[in-house]
Amino acid sequence: MLRRLEERQHILDGGVNPYPNHFDVSHFSTDIIINFQEDVHEPVSVAGRIMTIRKMGKASFFHIQDSKGRIQIYLKKDDVGEATYDTFKLLDIGDIVGVKGYTFKTRTGEISIHAEKLKLLTKSLRPIPVAKEKEVDGEKVIFDAFSDKELRYRQRYVDLIVNPEVKETFIKRTAIVSFMRQFFSRQGWLEVETPILQPIYGGAAARPFTTHHNALDMQLYLRIANELYLKRLIVGGFDGVFEFAKDFRNEGIDRFHNPEFTQVELYVAYKDYNWMMKLVEELFYQTALEVNQSDVTIFLGNEINLKPPFRRLSIIDAIAEYTGKDIRGKSEEELRFTAKDLGLELDPKISSGKIIDEIFGEFVEPKLIQPTFITDYPTEMSPLAKEHPSQPGIVERFELIVGGKEVCNSFSELNDPVIQRERLESQARLRQRGDEEAMIIDEDFLRAIEYGMPPCAGLGIGIDRLVMLLTGQDSIRDVIFFPHLKPE
RNA sequence: GAGAAUAUAGCUCAGUCGGUAGAGCAUCUGCCUUUUAAGCAGAGGGUCGAAGGUUCGAGUCCUUCUAUUCUCACCA
């Protein structure tokens, strides 16, 4: 770096600005290569970062990388003049340059640009970790790639420069979100924004991040979900609302969890969870076709097929199928016995619903590889969901499990304000008993639904996990630009 | 929170039994006007994650700490 600082000064002393203000670009690297015609020397102007250099005495080759890809540049002293060629000799891998010239094909058959003008656009002071590539039997072999995960996450900008497949993943992430946004908007539903700073957090069971507003001298929370605000908007008369939301949960970090993550939540009036299942099937299928041109993807080592319909299985039937235990109508004591019989150690304080969830999470969920809707959860685990009209104690709820992981959660929303109040009060009692994740009573939310919320179906999709699914990444850190790490 | 592994040059990695710190790429100098992991000749580059300890002597052995990775636990 010291050497490059000197070089920067050297360039300055030579009357050249190493950081000029603009450069006119006419083409992207990849477009030049795609549209190349033999015997046509098309004039082009490109800009990008120098990624390889092969210097010879009076002529040189180098590759520049722009936002789309790479292209080789041929620079000859006779063509650009001695001054430019001397400046070029001072350049390093990592510097950003602009090149004006014309297209041609080299003796070895690579489509390249024959430079007529070269301009330094940005001097790079730190060496980038260059990986060398070689083609062996038509396949690219990369030598000494920048692969240290810690460095890649801490210096994502470097990761993006030198590892093109990383860039692809993030481009796909944006494509997925854009497609979903269009998909919802085309139905006439409204994309909205609701508060991230909330005086009362709710809509999910999780520990929040806490902050403080100075002027109001009050505690605020970063939202763990936006469910209760979107429902207020359904009360307000919108038929469908959705929000791509950053949510924050003050919990552990692993390859499926980041403290801040993205969810899309959607609420549609007059619909129920059966309708929502169909929507989710269609959404996943079409999104896959849009971004992958295929309904098959590899997720956590398994080939996943996203062609509808997805299997539907109630949580009770799922447990019966995978453990052989019929738990329908069983009392808390019987459930505890069943769990013990299966070899599951349980906290003696937890109740029926939680026991069912534990059995499901331990013996069933990891085995659900192909997309499966698990439906009809115990009411107790779902304080915001509406009960099944014919099955007491069971709510109209589903989760979509893919590759053994939950990717979305949905229910017919509870809109009876009296029952909703009872459910939240029972949550408050759990909280008093020390359940830190039990919900807090949000009086304004209750007031809103007391005015009347139409029947409605709600959905939450974990965008990070969906992106993992559709890009074949096994860690949430590989689909978030700047995943959370401890400070250096 | 528990266990395992890792930490050596800008990057990717070797380093044997405890005895002067190594390679490739990158960098620098020279040569080279169609190269592509360019080539040839030479050179520089290190507080071996941090702090202690054992030892005549520690990259190597021991202790503690820090960070990361993986697995498990937690997280509907």
Side-chain angles (χ1 to χ4, degrees), chain A residues 1-4 6-7 51-63 70 72-80 85 89-90 92-94 104-110 112 114 124-136 140-155 158-159 162-163 204-207 224-225 249-259 261 315 345 347 350 353-354 356-358 360-362 365 374 377-378 380-385 397 399 401 405-406 408-409 411 435-439 460 462 474-475 477 483 485-488:
Chain A
M1 183 154 154
L2 183 66
R3 204 208 88 244
R4 292 199 180 188
E6 285 167 1
E7 235 166 35
M51 298 303 286
T52 67
I53 301 185
R54 289 171 295 284
K55 282 182 195 175
M56 290 169 287
K58 297 187 179 66
S60 298
F61 288 91
F62 57 100
H63 278 92
R70 291 187 183 185
Q72 179 171 259
I73 314 289
Y74 177 54
L75 186 78
K76 197 159 66 159
K77 189 173 181 176
D78 292 349
D79 294 336
V80 296
Y85 201 76
K89 281 187 174 170
L90 289 176
D92 295 297
I93 290 176
F104 79 112
K105 200 180 238 181
T106 64
R107 197 175 287 168
T108 52
E110 180 164 349
S112 307
H114 191 129
S124 165
L125 296 183
R126 292 178 185 269
I128 60 169
V130 276
K132 295 254 172 171
E133 291 177 4
K134 184 188 188 179
E135 292 225 353
V136 178
K140 260 188 194 168
V141 181
I142 296 175
F143 297 81
D144 302 333
F146 180 61
S147 58
D148 184 287
K149 285 193 173 177
E150 181 181 358
L151 283 177
R152 288 184 43 223
Y153 298 144
R154 287 195 194 281
Q155 302 185 32
V158 176
D159 192 27
V162 301
N163 293 322
R207 287 198 295 269
I224 58 172
R249 296 188 185 176
N250 205 341
E251 283 164 358
I253 300 175
D254 63 27
R255 68 190 177 117
F256 297 102
H257 298 87
N258 195 59
F261 65 103
I315 189 166
E345 293 278 334
D347 184 334
I350 67 175
K354 190 76 180 159
I356 292 173
D357 190 46
E358 291 280 340
F360 176 76
E362 183 69 23
E365 193 173 25
I374 295 297
Y377 286 74
E380 187 197 328
M381 296 159 56
S382 318
L384 301 169
R397 169 178 176 185
E399 288 190 358
I401 315 289
K405 286 283 156 190
E406 177 198 340
C408 64
N409 182 18
F411 29 87
D435 183 348
E436 278 186 78
E437 296 192 340
M439 293 180 192
D474 288 351
S475 171
R477 293 189 178 107
L485 298 174
K486 286 196 187 175
E488 285 178 78

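Throughout, a chain's letter reflects where its sequence line sits, starting with A, and its residues are numbered from 1.
At a threshold of 4.0 angstrom between heavy atoms, the contacts of A/F104 include nucleobase atoms, whether or not backbone atoms are also involved.
Candidate nucleotides B/A37, B/U33, B/U35 were compared by shortest atom distance to the side chain of A/K58, and B/U33 ranks first. Checked against B/A37, B/A67, B/U35, the side chain of A/K486 finds its nearest nucleotide in B/A67.
Scanning both residues, A/T106 and A/S112, for their nearest heavy atoms gives CG2-OG, 3.4 Å. Minimum interatomic distance between A/G460 and A/C408 (heavy atoms only, all atoms of both residues): O-CB, 2.9 Å. Closest of all the heavy-atom pairs between A/M439 and A/A205 is CE-N, 4.5 Å.
A/E251 is linked by a side chain to side chain contact (heavy atoms under 4.5 Å, CB included) to A/A206, A/R207, A/R249, A/E437, counting only residues two or more places apart in sequence or in another chain. Evaluation of the side chain to side chain contact (heavy atoms under 4.5 Å, CB included) rule for A/E380 yields A/S351, A/S352 as partners, not counting sequence neighbours. Annotation: salt bridge (charged side-chain N to carboxylate O under 4.0 Å, His left out) contacts of A/E7 (sequence neighbours excluded): A/R3, A/K123. Residues that satisfy the side chain to side chain contact (heavy atoms under 4.5 Å, CB included) test with A/S60, not counting sequence neighbours, are A/K55, A/Y85, A/F88. Every residue two or more places apart in sequence or in another chain that forms a salt bridge (charged side-chain N to carboxylate O under 4.0 Å, His left out) with A/E150 is listed here: A/R154. Taking A/R152 as the reference, A/D159, A/D478 meet the salt bridge (charged side-chain N to carboxylate O under 4.0 Å, His left out) condition, with sequence neighbours excluded. With sequence neighbours excluded, no residue forms a side chain to side chain contact (heavy atoms under 4.5 Å, CB included) with A/S147. In this structure, A/K405 has no salt bridge (charged side-chain N to carboxylate O under 4.0 Å, His left out) partners at least two apart in sequence or on a different chain.
We find that CZ of A/R107 is positioned 10 Å from C1' of B/U33, with the value rounded to whole Å. Rounded to whole Å, the distance from CZ on A/F62 to P on B/U35 is 17 Å. Between the C1' atom of B/C11 and the CZ atom of A/R152 lies a distance of 14 Å, rounded to the nearest Å. For the pair A/L75 CG and B/C32 P, the interatomic distance rounds to 16 Å; values are reported in whole Å. A straight line from CZ of A/F146 to C1' of B/A9 spans 15 Å, rounded to a whole angstrom. What separates CE of A/M51 from C1' of B/G10 is a distance of 14 Å, to the nearest Å.
The CZ atom of A/F261 lies 14.5 Å from the CZ atom of A/F256; values are rounded to the nearest 0.5 Å.
B/G18 and B/C56 are spaced 12 Å apart, taking the C1' atom of each and rounding to whole Å. With both ends at atom P, the span from B/G59 to B/U20 equals 10 Å, rounded to whole Å. A distance of about 15 Å separates the C1' atoms of B/U33 and B/G39, rounded to the whole Å. For the C1' atoms, the distance linking B/U8 with B/U71 amounts to 27 Å, nearest Å. Using atom C1' as the reference point in both B/A9 and B/C31, the two lie 27 Å apart (nearest Å). Spacing of P atoms, B/C61 relative to B/C17, comes out at 10 Å, to the nearest Å. Only the P atoms considered, B/G44 is 16 Å distant from B/C28, to the nearest whole Å. Annotation: B/C48 and B/A58 have their C1' atoms spaced 11 Å apart (nearest Å).
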- request: Sugar-phosphate atoms are those with a prime plus P, OP1 and OP2; base atoms are the rest. Using that split, label each nucleotide of nucleotides 23-28 of chain B B, S or - for protein heavy atoms under 4.0 Å, 5' to 3'.
  value: -BSSSS
Footprint string (nucleotides 69-76 of chain B, 5' to 3'): B base within contact, S backbone only, - free, heavy atoms under 4.0 Å: SSS--BBB
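Between A/F104 and A/Y74, the ring-plane angle classifies as tilted under the 30° and 60° cut-offs.
In terms of position on RNA chain B, the residue among A/D148 and A/Q72 whose nearest nucleotide sits closer to the 5' end is A/D148. Mapping A/T52 and A/K105 onto RNA chain B by nearest heavy atom places A/K105 closer to the 5' end of the strand.
Under the 3.5 Å distance criterion, the side-chain polar atoms of A/D254 are matched with a main-chain donor or acceptor of A/H257.
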Please write out the pairs of protein N or O atoms and N or O atoms of nucleotides 49-51 of chain B separated by less than 3.5 Å, giving the distance to one decimal.
none

- prompt: side chain to side chain contact (heavy atoms under 4.5 Å, CB included) between A/Q72 and A/R54: does it pass, once the steps are laid out?
  reply: CA-CA 11 Å; A/Q72 179 171 259; A/R54 289 171 295 284; 2.8 Å; yes
statement: Intra- and inter-strand pairing of RNA chain B, written as dot-bracket with Watson-Crick and G-U pairs under 3.5 Å and | for the latter, reads (((((((..((((.....[..)))).(((((.......))))).....(((((..]....))))))))))))....
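Put simply, the side chain of A/T106 and the base of B/U35 share a donor and an acceptor less than 3.5 Å apart.
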